[in-house]
Amino acid sequence: EVQLVESGGGLVQAGGSLRLSCTASGFTDDYSIGWFRQAPGKGREGLSCISASDGSAGYADSVRGRFTISRDTTNNSVHLQMNSLNPEDTAVYYCATDLKSSCRRPIAAAFYDYWGQGTQVTVSS
């Protein structure tokens with residue numbers, strides 16, 4: 001059974017930073033991993049992905065320059081460093097796996113097969 005667990009969410013002031021983590025287990029294939037978020041009343045938005053094939057990363061325009069994705073292959077974890085947060089970043093954040101080893105863009109939820117439970121990020125103004 002593939003399992004993904006997010007952690008690191010919380011409450012932060014506008015302009016602050018958070019670092020999210022995603023740990024994966026239950027499979028051996030080198031899947032790409034994406035980060036998504038869903039705000040109240042809105043659809044699920046793709047934010048970033050990182051490839052297993054070459055380690056390249058992709059970002060949505062809304063977070064490029066503020067968020068950074070990284071992968072630690074020694075413990076099968078992926079991180080999302082989020083800087084310069086604003087209230088519009090408030091959402092539940094999810095990590096997910098795509099069986100394709102390279103990122104597909106746009107970062108679309110339909111490409112991803114397994115999802116974590118989500119972690120809440122709240123940015124106050």
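Sequential numbering from 1 along the given sequence is applied to the chain's residues.
- Side chains of Ser25 and Gln3: a donor-acceptor N/O pair is absent below 3.5 angstrom, by distance only.
- Side chains of Phe111 and Ser32 form no contact here, defined as non-hydrogen atoms less than 4.5 Å apart.
- Atoms NZ and CG, on Lys100 and Asp30 in that order, are 14.0 Å from each other to the nearest 0.5 Å.
- Scored by the side-chain contact (heavy atoms from CB on, under 4.5 Å) test, Ser56 finds Ser51, Asp54 as partners (sequence neighbours excluded).
- Using a 4.5 Å heavy-atom threshold, the side chains of Met82 and Leu20 count as touching.
- Interatomic distance, Leu18 CG to Tyr93 OH, rounded to the nearest 0.5 Å: 9.0 Å.
- Ring centroid separation for the pair Phe36 and Trp115 comes in under the 6.0 Å cut-off.
- A distance of 5.0 Å separates CD of Glu45 from CG of Leu47, quoted to the nearest 0.5 Å.
- Residues Arg37 and Val121 fail the side-chain proximity criterion, which asks for heavy atoms closer than 4.5 Å.
- Of the possible polar contacts, none joining the Arg44 side chain to the Gln38 backbone as a donor-acceptor pair under 3.5 Å is found.
- Taking Tyr114 as the reference, Val2, Leu4, Thr97 meet the side-chain contact (heavy atoms from CB on, under 4.5 Å) condition, with sequence neighbours excluded.
- Judged by distance alone, with hydrogens and angles left aside, the side-chain atoms of Gln117 form a donor-acceptor pair with the main-chain N or O of Glu6 at under 3.5 Å.
- Within the model, atoms CG of Leu80 and CH2 of Trp35 stand 6.0 Å from one another, a figure rounded to the nearest 0.5 Å.
- A donor-acceptor distance shorter than 3.5 angstrom exists from the side chain of Thr90 to the backbone of Val123, with no hydrogens or angles considered.
- Put simply, the side chain of Asn83 does not reach to within 4.5 Å of the side chain of Phe67, judged on heavy atoms.
- Distance alone, capped at 3.5 Å, places no donor-acceptor pair between the Asp113 side chain and the Asp98 backbone.
- Atom CG of residue Leu11 and atom OG1 of residue Thr122 lie 6.0 Å apart, to the nearest 0.5 angstrom.
- Using a 4.5 Å heavy-atom cutoff, the side chains of Tyr112 and Ile107 are in contact.
- At least one cation-pi condition fails for Arg64 and Tyr59: the charged atom is not both under 6.0 angstrom from the six-membered ring centre and inside a 45 degree cone around its axis.
- Side-chain atoms of Ser48 come within 3.5 Å of backbone atoms of Gly58 as a donor-acceptor pair (strictly under, hydrogens ignored).
- The two residues Ser84 and Ser17 make their nearest non-hydrogen contact at N-OG, 4.3 Å.
- Here the OG atom belonging to Ser21 is positioned 9.0 Å from the CG atom belonging to Asn75, to the nearest 0.5 angstrom.
- Between Arg19 and His79 there is a side-chain heavy-atom pair separated by less than 4.5 Å.
- Arg66 places a side-chain N or O within donor-acceptor distance of the main-chain N or O of Ser62, the cut-off being under 3.5 Å.
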